[in-house]
Amino acid sequence: MTLEIQVLTVFPQLFETFLDTAFVGQARARGLATVEVHDLRSWAEDRHRSVDDTPYGGGPGMVMTPEPLVPAIEALAGPVGPDRACRVVALSPQGQPLDQAGLERLGAERRLLLVCGRYEGIDQRVLDLAVDEEVSLGDYVLSGGEIPAMAVIEGLVRLVPGVLGNPESAQIESFGGDLLEGPQYTRPPDYRGRCVPEVLRSGDHAAIARWRRAEALQRTRERRPDLLGRRGSDETES
Ligand code: SAM
């Protein structure tokens with residue numbers, strides 16, 4: 001089933017190269033994913049095509065106004081409720097931090113509208129009245145939701161069956177289970193005196209699998225012990 005993503009932004013041009021490049025571009029060309037980018041200003045009704053205003057209570061910057069955001073979201077996704085055409089996700093540093101499990105959950109929705117904030121953020125009433133959930137890329141503040149939206153799109157598209165050449169890739173990669181992926185090597189076998197581990201050149205697939213698992217476990221223990229056991233697989237035994 002095709003993954004259908006819509007994006008609402010005041011900077012649609014930011015998505016142009018991204019959507020046509022590498023496997024996001026290929027997935028779209030092959031009909032595995034569709035991405036429509038909408039310019040929020042098309043819903044603005046004043047002659048300046050305004051989307052923001054000064055904050056009540058004072059303070060720096062501007063806030064994105066309920067008009068035209070709510071009508072735009074409702075036009076693209078329908079009103080909040082069980083018959084909504086897609087799940088509406090606002091990108092926000094205050095949202096649920098995105099991880100691989102979160103991406104898989106969003107991917108299962110199949111139809112999404114990603115709402116990109118700008119300026120000092122979005123009027124709370126938009127979030128209350130028209131948005132289903134807020135998602136964060138991490139504990140830092142960017143200037144807009146466009147790069148987070150691209151990260152979500154890229155993460156979702158690679159989960160669509162048929163997009164990755166080898167369907168196992170997504171499972172054996174970092175966060176596919178409870179582990180980071182271990183070290184990887186390609187040619188040359190000796191680079192500045194650092195040699196590729198002998199086992200990887202042995203042709204013994206069982207030994208390679210055991211080595212990779214042990215390396216992945218060691219790396220996860222060293223770098224991200226919080227991951228162990230998180231996704232329910234028993235990765236602590238080795
Ligand atoms: N005033 C807001 C706050 O303190 O929480 C930050 C607003 S930020 C400058 C403008 C927009 O960038 C946000 O509305 C959001 O869409 C996007 N953004 C910034 N950082 C983000 C992050 N870590 N994850 C997702 N979106 C982010």
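When a residue number appears, it is its place in the shown sequence, counting from 1. In this text, all values refer to a predicted model and were calculated from it rather than measured experimentally. As the structure lists them, so they are numbered: ligands from 1, and atoms in each ligand from 1.
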- prompt: Quick check: does any side chain N or O of Asp52 sit under 3.5 Å from a backbone N or O of Met62, one acting as donor and the other as acceptor?
  reply: no
- request: Check each atom of ligand 1 against the heavy atoms of Ser136 and keep those under 4.0 Å away; list them by number with element.
  value: 23 (N), 24 (N), 25 (C)
query: With no hydrogens and no angle check, is any side-chain donor or acceptor of Thr2 less than 3.5 Å from a backbone partner on Thr34?
result: no
message: Which residue and atom name correspond to the protein heavy atom nearest atom 14 (O) of ligand 1, and how close is it?
response: Gly117 CA, 3.5 Å
task: Using a strict cut-off of less than 4.0 Å between a Lys/Arg side-chain nitrogen and an Asp/Glu carboxylate oxygen, indicate whether Glu133 and Arg105 qualify as a salt bridge.
output: yes
Closest approach of any protein heavy atom to atom 8 (S) of ligand 1, naming residue and atom: Leu142 O, 3.3 Å
- prompt: Looking at ligand 1, does Ile122 have a heavy atom less than 4.0 Å from it?
  reply: no
- prompt: In the protein, what heavy atom is nearest to atom 10 (C) of ligand 1, and what distance, to one decimal place, separates them?
  reply: Tyr119 O, 3.3 Å
- line: The protein heavy atom nearest to atom 4 (O) of ligand 1 is Gln94 NE2, 4.2 Å
message: Heavy-atom contact check, 4.0 Å cutoff: does Val135 meet ligand 1?
response: yes
query: Closest non-hydrogen protein atom to atom 15 (C) of ligand 1, residue and atom name please, with distance?
result: Leu91 O, 3.1 Å
- prompt: Between the main-chain N or O of Leu19 and the side-chain N or O of Arg28, is there a donor-acceptor pair closer than 3.5 Å?
  reply: yes
Residue portion contacting ligand 1 (non-hydrogen atoms closer than 4.0 Å) for Ala90: neither
query: Under the 3.5 angstrom rule, does the side chain of Asp178 hit a backbone N or O of Gly229 as a donor-acceptor pair?
result: yes
Which side-chain N or O atoms in residues 135-153 pair as donor and acceptor under 3.5 Å with protein atoms at least two apart or in another chain?
{"residue": "Ser136", "atom": "OG", "partner": "Gly138", "partner atom": "N", "Å": "2.9"}
{"residue": "Ser136", "atom": "OG", "partner": "Gly138", "partner atom": "O", "Å": "3.1"}
{"residue": "Tyr140", "atom": "OH", "partner": "Leu137", "partner atom": "O", "Å": "3.3"}
{"residue": "Glu146", "atom": "OE1", "partner": "Arg118", "partner atom": "NE", "Å": "2.9"}
{"residue": "Glu146", "atom": "OE1", "partner": "Arg118", "partner atom": "NH2", "Å": "2.9"}
{"residue": "Glu146", "atom": "OE2", "partner": "Thr9", "partner atom": "OG1", "Å": "2.6"}

message: Salt bridge or not between Arg158 and Glu173? Use side-chain N to carboxylate O under 4.0 Å.
response: yes
task: State whether the side chain of Arg84 and the backbone N or O of Gly78 hold a donor-acceptor pair below 3.5 Å, judged by distance alone.
output: yes
task: Inspect the contact between Arg231 and Glu104 and indicate whether a charged nitrogen and a carboxylate oxygen are less than 4.0 angstrom apart.
output: yes
field: Protein residue, atom and distance nearest to atom 24 (N) of ligand 1, heavy-atom basis
entry: Leu137 N, 2.9 Å
task: Considering heavy atoms of the protein only, find what lies nearest to atom 18 (N) of ligand 1 and give residue, atom and distance to 0.1 Å.
output: Pro93 CD, 3.7 Å
message: List ligand 1 atoms under 4.0 Å from Gly138, heavy atoms only on the residue side.
response: 23 (N)
message: Any nitrogen or oxygen of Gly144 lying under 3.5 Å from a nitrogen or oxygen in ligand 1? Just yes or no.
response: yes
query: What is the closest protein heavy atom to atom 1 (N) of ligand 1, and at what distance does it sit?
result: Glu120 O, 2.8 Å
message: Need the ligand 1 atom indices (1-based, order shown) with element for anything under 4.0 Å from a heavy-atom of Gly145.
response: 12 (O), 16 (O), 17 (C)
query: Is any side-chain N of the basic residue among Asp226 and Arg224 closer than 4.0 Å to the acidic one's carboxylate O?
result: yes
